[in-house]
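Counting starts at 1 for both ligands and their atoms, following the listed order.
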Amino acid sequence: MSTPPQSQRTQVAIIGAGPAGLLLGQLLYTAGIDAVIIERQSPEYVLGRIRAGILEQITVDLLQEAGVGQRVAHEGTVHHSIELVFANTRHPIDVTGLTQGKVVTAYGQTEVTRDLMEARQAAGLLSVYEAANVQLHGFEGDRPRVTYEKDGRTHALDCDFIAGCDGFHGICRASVPPGAIREYEKVYPFGWLGILADVPPVSPHAVVYANSERGFALCSMRSLTRSRYYVQCPIDDKVSDWSDERFWDELRRRLDPDLAERIAVGPSIEKSIAPLRSFVAEPMRFGSMFLAGDAAHIVPPTGAKGLNLAASDVKYLSNAFIEHYHEKSEAGIDHYSQQALARVWRAERFSWWLTSLMHRFPDTAGFGQKIQEAELDYLVRSESMSRSLAENYVGLPLDFGMGAGT
Ligand code: FAS
Ligand code: PHB
């Protein structure tokens with residue numbers, strides 16, 4: 001006879017210890033709400049994933065609110081502008097001037113995750129890493145339970161709510177009956193080959209987005225001594241197809257001559273290819289289970305929105321739980337999905353728009369390239385178009401309204 005699960009209880013069971021799960025855990029902790037995080041991988045594996053690099057001010061403010069804002073305040077690099085490269089010319093967009101003073105901060109997702117993990121550990125909060133076979137039970141009702149295997153035993157966690165922060169390939173969205181969920185998806189016919197190198201960034205105060213006949217390129221950073229670059233590549237390319245030399249050469253070919261000349265090259269310390277997709281699952285609540293972050297939506301990284309959307313979901317969800325426990329109000333819980341999806345779709349639109357404008361598609365050809373260049377030329381010369389880009393890039397306000405049709 002199998003050993004009955006050891007059962008524990010908490011208020012909120014968080015599935016996933018990526019930025020969404022960890023930030024939610026920290027915000028709930030500061031509000032005196034008990035949460036347990038259950039993560040499939042090891043801490044080292046989670047920290048080893050090299051991903052996002054640009055934080056909206058809302059995300060930086062949330063890290064401060066969660067009590068983990070010290071390092072980003074000292075080590076993050078504030079950007080007041082971005083640069084667009086097209087037709088071999090470079091054009092600054094004065095993001096701060098166009099948004100009455102707003103900025104973005106270059107600070108790697110790895111460091112955000114590290115700060116949150118260290119804060120959680122210092123507070124003695126329970127995170128179960130390397131949990132296998134995580135299963136959700138009873139979330140259609142009000143007595144949800146999570147079971148998982150660890151150290152050869154099955155464990156059970158009874159809770160009031162489950163927060164599905166387990167990313168695109170997680171178990172939470174997959175546990176929703178197919179008839180209860182609608183999915184919207186667009187898969188792009190190319191990927192991003194990203195490289196991390198300990199060389200000074202070519203543009204320490206701005207992210208550079210390049211449109212070229214050879215495809216898209218992006219110049220970013222993790223610090224003043226560590227750079228992050230990307231080039232658009234065929235979706236079926238493998239990392240082994242790209243030597244460092246080939247990468248640096250292709251990057252230079254996609255930039256304007258001056259910037260190309262200034263690129264500092266060096267050995268890659270990480271190299272990976274990410275597929276690009278737009279994806280949204282609706283709704284983001286199923287009884288006592290809520291989805292947040294990549295578990296509910298994916299954006300192409302062009303607009304630097306993925307991590308920032310995870311943060312805003314978590315802000316809405318933590319507010320909802322705080323209202324439930326502290327004010328005995330269900331208003332936040334009842335409105336979470338609609339409120340989060342309004343912001344999600346705005347970021348989906350912006351990310352799709354910038355991806356469509358900056359990348360070479362199979363049918364772009366000569367006319368399409370000229371149209372993209374004409375669109376970019378109009379954008380950099382039109383204050384209203386530049387302002388639209390800038391206000392979306394720094395992040396729309398959290399209370400921008402409930403969304404289309406409301
Ligand atoms: P995450 O995927 O980060 O975390 C989910 C966690 O859940 C993981 O630790 C996973 O191990 C765990 N999990 C999964 N299944 C589980 C299960 N069954 N049980 C328990 N735990 C489980 N965004 C940008 O803004 N800019 C970028 O440049 C950028 N680059 C990216 C590159 C790649 C390859 C990917 C995949 C994403 C990238 N993103 C980027 C988006 C990324 O930063 C996400 O938006 C961000 O990681 C979202 O955080 P989470 O929602 O916490 O999901
Ligand atoms: C990054 O620094 O990884 C980065 C920056 C801007 C983007 C995407 C990724 O749009």
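Ring centroid separation for the pair F161 and F139 does not come in under the 6.0 Å cut-off. Two rings, from H359 and Y188, have their centers 6.0 Å or more apart. Ring-centre distance between F290 and F321: below the 6.0 Å cut-off. Taking the ring centroids of H91 and F86, they lie under the 6.0 Å cut-off.
Enclosure of atom CD in E185 by more than 12 non-hydrogen atoms of other residues, nucleotides or ligands within 6.0 angstrom is indicated.
Put simply, the side chain of Q372 never gets that close to the backbone of S212: no donor and acceptor are under 3.5 Å apart.
Residues Q369 and N211 bring a donor and an acceptor atom of their side chains to less than 3.5 Å of each other. Counting only N and O atoms by type, the side chains of D34 and T10 include a donor and acceptor under 3.5 Å apart. Checking H324 against E330 by side-chain atom types alone, a donor-acceptor pair falls below 3.5 Å.
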Show the distances, to 0.1 Å, for all pairs joining an N/O atom of ligand 2 and a protein N/O atom that are shorter than 3.5 Å, listing one pair per line.
| residue | atom | partner | partner atom | Å |
| --- | --- | --- | --- | --- |
| ligand 2 | 2 (O) | S220 | OG | 2.6 |
| ligand 2 | 2 (O) | R222 | NH1 | 2.8 |
| ligand 2 | 3 (O) | R222 | NH2 | 2.8 |
| ligand 2 | 3 (O) | Y230 | OH | 2.7 |
| ligand 2 | 10 (O) | Y209 | OH | 2.8 |
| ligand 2 | 10 (O) | P301 | O | 2.8 |
| ligand 2 | 10 (O) | T302 | O | 2.9 |
| ligand 2 | 10 (O) | A304 | N | 3.4 |

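Around ligand 1 you find I15, G16, G18, P19, A20, I38, E39, R40, Q41, V46, R49, R51, A52, Q109, V134, C165, D166, G167, G170, I171, Y230, A274, G293, D294, P301, A304, K305, G306, L307, each with a heavy-atom distance below 4.0 Å.
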